[in-house]
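The structure appears below as structure tokens.
Each ligand, and each atom within it, is numbered from 1 in the order the structure gives. Given the structure is predicted, the values throughout are model-derived calculations rather than measurements.
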Amino acid sequence: MKVVIGADHGGYHLKNSLLDFLLHHGYEVIDVGAYDDEPSDYPDYAKAVAEKVINSEAERGILICGSGVGACIAANKFRGIRAAVCHDTYSARQGVEDDDMNILCLGARVVGEELAKEVVKAFLSAEFKALERYQKRLQKIKEFERTWKKKG
Ligand code: RB5
């Protein structure tokens with residue numbers, strides 16, 4: 001599986017550990033930065049990761065900032081992205097199985113490295129269960145993306 005990973009300065013060190021972890025486990029990984037821990041802006045990495053996923057250059061994305069929150073908010077602005085902050089393995093697995101989550105967001109100031117690896121493992125080894133009710137819900141979300149406009 002091809003995975004894209006990105007982080008701001010807050011997630012830079014965790015990104016490097018996860019990059020080694022993923023390569024060691026045989027994943028093909030695109031690293032979109034940051035390439036140092038100088039202050040940077042998480043929306044830039046959210047965009048880079050989201051674009052790779054939307055353009056099918058990677059099947060899944062991993063985004064890291066200090067809390068996971070900012071990166072997640074930014075990533076979800078891109079049509080077709082279903083990103084969530086998960087700091088437990090249950091949500092990381094179920095988010096894919098039920099909700100077809102395609103970007104996992106992590107807060108490097110929230111989770112330790114070993115837990116982050118477990119969460120990543122759960123995220124990447126899960127598959128969307130294309131049950132009718134799950135697909136129906138996803139269709140509703142896609143409809144929001146396609147049609148929703150502010151009144152007035
Ligand atoms: C950067 O200091 C920090 O605000 C950012 O990494 C992230 O936590 C935002 O949600």
For ligand 1 and A71, I'd like to know whether there is a polar contact (N/O to N/O, distance under 3.5 Å). no
Regarding ligand 1, does G66 bring an N or O atom to under 3.5 Å of one of the ligand's N or O atoms? yes
Looking at atom 4 (O) of ligand 1, is any protein heavy atom nearer than 4.0 Å to it? no
Can a cation-pi geometry be assigned to R93 and F123, taking NZ or CZ under 6.0 Å from the six-membered ring centre and within 45° of the ring axis? no
How close does the nearest protein non-hydrogen atom get to atom 1 (C) of ligand 1, and which residue and atom is it? H9 NE2, 3.5 Å
Which of the atoms of ligand 1 are close to D8, meaning less than 4.0 Å from one of its heavy atoms? 1 (C), 5 (C), 6 (O)
Is it the case that the side chains of D88 and S91 hold a donor-acceptor pair, with the cut-off being a distance below 3.5 Å and no angle test? yes
Could you tell me whether E114 and K117 have a side-chain N and a carboxylate O separated by less than 4.0 Å? yes
Would you mind listing which atoms of ligand 1 come within a distance below 4.0 Å of any non-hydrogen atom of R109? 1 (C), 2 (O), 3 (C)
If a pair satisfies salt bridge (Lys or Arg N to Asp or Glu O under 4.0 Å) and one of its residues is in residues 3-12, list it, with sequence neighbours excluded. none
Below 4.0 angstrom, N of the basic side chain to O of the carboxylate: do K47 and E51 qualify? yes
Starting from atom 8 (O) of ligand 1, what is the nearest protein heavy atom, named by residue and atom, and what distance separates them? S67 N, 2.9 Å
Could you list which atoms of ligand 1 come closer than 4.0 Å to a heavy atom of Y42? 9 (C)
Go through the steps for K2 and E28 under the test salt bridge (charged side-chain N to carboxylate O under 4.0 Å, His left out), then give the verdict. CA-CA 5 Å; K2 208 163 179 177; E28 220 180 309; 3.6 Å; yes
